[in-house]
Number of protein chains: 2
Amino acid sequence: MSKPKPTPLDDVSKAIIAELQEDGRRSYAAIGKAVGLSEAAVRQRVQRLVDSGVMQVVAVTDPTEIGFARQAMIGIHATGELEPIADALAELTEVDYVVITAGSFDLLAEVVAESDDHLLEIISRRIRTLPGVMSTETLLYLKLRKQTYAWGVR
Amino acid sequence: MSKPKPTPLDDVSKAIIAELQEDGRRSYAAIGKAVGLSEAAVRQRVQRLVDSGVMQVVAVTDPTEIGFARQAMIGIHATGELEPIADALAELTEVDYVVITAGSFDLLAEVVAESDDHLLEIISRRIRTLPGVMSTETLLYLKLRKQTYAWGVR
DNA sequence: CCACCAAGTGCGGATTCCGTTGCAATCTCG
DNA sequence: CGAGATTGCAACGGAATCCGCACTTGGTGG
């Protein structure tokens, strides 16, 4: 939600995040015991982390398991400013991931669709028509092999 | 964790997942009210969904916020069987995302690293040396614009 | 027909959550 | 300096939640 946070994030908060990366429903009391803080303090910090947009606790799934049959990464070549294009992509509900990159593509967007038709429509009607988009390349997902959220639990 | 799950997943479970995609810490009682089930039934279903590997409730963050400065998507061209390569990539802790794709790349792997040196080491020493990997292309992330987990909350 | 299994409900008791209060350390300026 | 503001944490009590268990209910198959 917010951006004004160049805070480096202290070790205790990192430990709290690590706990919640393992199990997002772990109790504040248990986390407190693990990181050496009271339950209320943990609750406060979690609230702050969520409010500041640093962390969110959510359910994640393999989309194919819940009826989204087609997924693809779209590599995009563009001209001009990239951020407005990224913003436009981000507004599409079928696009769940947008990154600006340095490499052979200017942008990457991950698309989750219900069918081939649906996927085709998103790419050709929603994405390729955006101003600034020169060309796209579709990398259709055949198999999702790993999906982890445990950075920092090294 | 498990694979023996061709279950299509019923509407109630989808609704539960949708609730937890909005807020992973929402109470079982509140979810039960929303989907029309008792608290205990919701608890059972969530437990089952997690145990079967369909869903997990976790904290997610923007890695740059917690000290991982460099991220990149690695596009990989390979020969032979792709699954063993995907498995090998999945074993690397710095790799948080692995997909087998149909397109100009055979595999995509997302890497989270602490520094340029770290990133370089992973790519050149860990990934490019894997048997079957012919060539790689690094798409360095400049800016993560969107990261959503709310499939099904359309 | 009945045993069996899966899934749901109802019900305490233990635990957790949550708002509030109080305290100590740190910041802030005049 | 030093009074006031701010921040972060501990403590606490009432409300809500979680959790395990026993008890229905609705298929399913022998």
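Proteins get letters first, then strands, A, B, ... in listed order; numbering begins at 1 in each. Computation of the quantities below employed the complete heavy-atom set of this structure, encompassing side-chain atoms and omitting hydrogens, waters and symmetry-equivalent molecules. Please read all numbers here as calculations on a predicted model, not as lab measurements.
Side-chain contact between A:Ile123 and A:Arg128: present, with at least one pair of heavy atoms (C-beta onward) separated by less than 4.5 Å.
In this pair, A:Phe105 and A:His77 present their aromatic rings tilted. The plane angle is within the 30 to 60° band.
Side-chain N/O atoms of A:Arg45 include one lying less than 4.0 angstrom from OP1 or OP2 on D:dC9. The side chain of A:Arg48 places no N or O atom within less than 4.0 Å of a non-bridging phosphate oxygen (OP1 or OP2) of D:dT7.
Closest approach to the A:Leu37 side chain among C:dT9, C:dC17, D:dA10 is made by D:dA10 (side chain taken as heavy atoms from C-beta onward). Comparing atom distances between the A:Ala41 side chain and each of C:dG8, C:dC17, D:dC9 picks out D:dC9 as nearest.
Atom CD of A:Glu19 is separated from atom P of C:dT16 by 14 Å (rounded to the nearest Å). Separating the CG atom of B:Asp23 from the P atom of D:dT17 is a distance of 13 Å, rounded to the nearest angstrom. We find that CZ of B:Arg26 is positioned 17 Å from C1' of D:dC18, with the value rounded to whole Å. In this structure, A:Tyr28 places its OH atom 11 Å from P of D:dC18, rounding to the nearest Å. The CG atom of A:Leu49 sits 11 Å away from the P atom of D:dG8 (whole-angstrom rounding). Atom CD in A:Gln44 sits about 17 Å away from atom P in D:dC12, given to the nearest Å.
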Any protein N or O atoms within reach of nucleotides 11-13 of chain C? Criterion: under 3.5 Å, listing atom names and distances.
none

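Rounding to the nearest 0.5 angstrom, the gap separating the CD1 atom in A:Ile127 from the OG1 atom in A:Thr138 is 8.0 Å.
A residue-by-residue look at A:Ala29 and B:Val12 shows that B:Val12 has its nearest nucleotide of DNA chain C further toward the 5' end.
Residues passing the side-chain hydrogen bond (donor to acceptor under 3.5 Å, both in side chains) test with B:Glu121, sequence neighbours excluded: B:Arg126. Under the rule for a side-chain hydrogen bond (donor to acceptor under 3.5 Å, both in side chains), the partners of B:Glu137 that lie at least two apart in sequence or sit in another chain are A:Ser104.
Looking at heavy-atom distances under 4.0 Å, A:Ser27 makes contact with sugar-phosphate atoms alone, never a base.
No donor-acceptor pair under 3.5 Å is formed between the side chain of B:Lys143 and the backbone N or O of A:Glu83.
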